[in-house]
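By convention here, the first residue in the shown sequence is residue 1. Only heavy atoms go into these numbers, but all of them, side chains included; no hydrogens, no water, no symmetry mates.
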Amino acid sequence: MTVSPRRNRPRRDENANLDADRVRQGVASVQQWTDGAWQVRGIGAGASVKTYRCPGCDQEIRPGVAHLVAWPADGLGDLTDRRHWHSGCWRARERRGPAVQRGRGTPRY
């Protein structure tokens with residue numbers, strides 16, 4: 001007679017009540033900054049499928065790169081107010097000045 005080993009952990013419910021959108025997109029949080037309150041949601045590398053331009057460094061955020069999305073928390077905006085940021089650029093945005101766009105031939109004064 002063969003005896004099966006004892007199960008030490010309870011079985012997981014196969015039909016757990018998980019919201020697929022929240023699992024894929026993350027949960028938004030409200031952050032207070034000097035320029036107001038912002039809804040911020042982290043985007044994992046697996047959920048990042050498009051190329052975006054970070055407003056903090058003016059560089060591309062390529063597909064497969066984890067980043068975050070921020071939009072005003074006042075409820076007055078719409079989808080066009082969302083901006084995709086590198087996580088480090090978002091944290092450092094108050095320490096940086098505005099990005100100056102220059103042409104190659106423009107002198108730097």
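Closest approach of C89 to G56, counting heavy atoms only: CB-CA, 4.3 Å. Heavy atoms only, all atoms of each residue included: P55 and R83 are closest at CG-CB, 4.1 Å.
Among residues two or more places apart in sequence or in another chain, the side-chain hydrogen bond (donor to acceptor under 3.5 Å, both in side chains) test is passed with R53 by none.
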Side-chain donor/acceptor pairs under 3.5 Å, residues 30-37, sequence neighbours excluded:
{"residue": "Q31", "atom": "OE1", "partner": "W33", "partner atom": "NE1", "Å": "3.1"}
{"residue": "Q31", "atom": "OE1", "partner": "W90", "partner atom": "NE1", "Å": "2.9"}
{"residue": "T34", "atom": "OG1", "partner": "E94", "partner atom": "OE2", "Å": "2.6"}
{"residue": "D35", "atom": "OD1", "partner": "W38", "partner atom": "NE1", "Å": "3.0"}
{"residue": "D35", "atom": "OD1", "partner": "R93", "partner atom": "NH2", "Å": "3.2"}
{"residue": "D35", "atom": "OD2", "partner": "R93", "partner atom": "NH1", "Å": "3.0"}

With a 3.5 Å cut-off and sequence neighbours excluded, list the donor-acceptor pairs that the side chains of residues 59-69 form with protein atoms.
{"residue": "E60", "atom": "OE1", "partner": "R62", "partner atom": "NE", "Å": "3.0"}
{"residue": "E60", "atom": "OE1", "partner": "R62", "partner atom": "NH2", "Å": "3.1"}
{"residue": "H67", "atom": "ND1", "partner": "V65", "partner atom": "O", "Å": "3.0"}
{"residue": "H67", "atom": "NE2", "partner": "H84", "partner atom": "ND1", "Å": "3.0"}

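The hydrophobic cluster containing Y52 does not contain W85, counting ILVMFWY residues as joined when their side-chain heavy atoms lie under 4.5 angstrom apart, directly or transitively.
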